[in-house]
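Residues take their numbers from the sequence shown, with the count starting at 1. Keep in mind it's a predicted model, so treat the numbers as computed, not measured.
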Amino acid sequence: IIVIAVISSAGKSGNDQSSNSGSDTNTASNNQSNEEKTYGLNEVVQDGDLAFTVTSVETAKTLGNQFTKKDAQGTFYVVTLKIENKGNKTATFDSSMAKVTDDQGREFERSIEGQTAKGMAQGNVDLFLQQIQPSLSVTGDLVFDLPADMQNPMLVVKGSIFAKGAKIKLQ
């Protein structure tokens, strides 16, 4: 099964490159503009076949209820993200396709503990391994545990594991 997944990923990568070969100039300039530009709340940014919109950002010191309560090491950032599939094939969103960075070059992955506490208490959609059908979208929360001294947090979203990604301001 692992070999099939690797071959499948390699095949998709090759297909993506060949389908873009007719418009390498446009693709390169689009990737550069995504990399250089930062987007804000409620702005749509497309990376590959996926379009992303941060619809809200909330902060909290604690998530969950009396049974699932989890205290943040720093501050929980709850990012509500809408992901729309603009492609022709089913896409799967993996948590490695979203991270938070800051001015110091630090990178933060989602908080599994915070995500679980919030999801179990409120039943919100966890975007981890969500399948998104063509022309449809899914909206859910990503939870990050970030340090109190964080300056200029940016959500970096990718349309695929190998994409460079686009930056969305969280403050």
Evaluate side chain to side chain contact (heavy atoms under 4.5 Å, CB included) for Ile161 paired with Ser96, printing each intermediate quantity in order. CA-CA 7 Å; Ile161 294 171; Ser96 68; 4.2 Å; yes
Around atom [atom1] of [X], are there more than 12 heavy atoms of other residues, nucleotides or ligands at under 6.0 Å?
X	atom1	result
Gln73	CD	no
Leu41	CG	yes
Glu109	CD	no

If you apply the rule salt bridge (Lys or Arg N to Asp or Glu O under 4.0 Å), what do you find for Asp141 with Arg110, and how did you get there? CA-CA 10 Å; Asp141 295 328; Arg110 77 182 183 120; over 6 Å; no
Hey, mind stepping through Glu113 and Phe76 against side chain to side chain contact (heavy atoms under 4.5 Å, CB included) and telling me if it holds? CA-CA 10 Å; Glu113 295 85 7; Phe76 284 125; 5.8 Å; no
For residues [X] and [Y], report the shortest heavy-atom separation together with the two atoms involved.
X	Y	value
Ala163	Asp47	CB-OD2, 3.0 Å
Thr55	Asn42	CA-OD1, 3.5 Å
Phe52	Lys158	CZ-O, 3.3 Å
Leu50	Gly159	CD1-O, 3.7 Å

Is there a donor in the side chain of Thr62 and an acceptor in the side chain of Lys69, or the other way round, less than 3.5 Å apart? no
What I want to check is whether the side chains of Gln133 and Thr90 have a donor and an acceptor closer together than 3.5 Å. yes
Taking Asp94 for its side chain and Met97 for its backbone only, find out whether a donor-acceptor pair lies under 3.5 Å. no
Verify the cluster assignment for Met154 and Tyr39: are they in a single hydrophobic cluster under the rule of side-chain heavy atoms below 4.5 Å apart? no
Ion pair check, Arg106 and Asp149, cut-off under 4.0 Å: yes
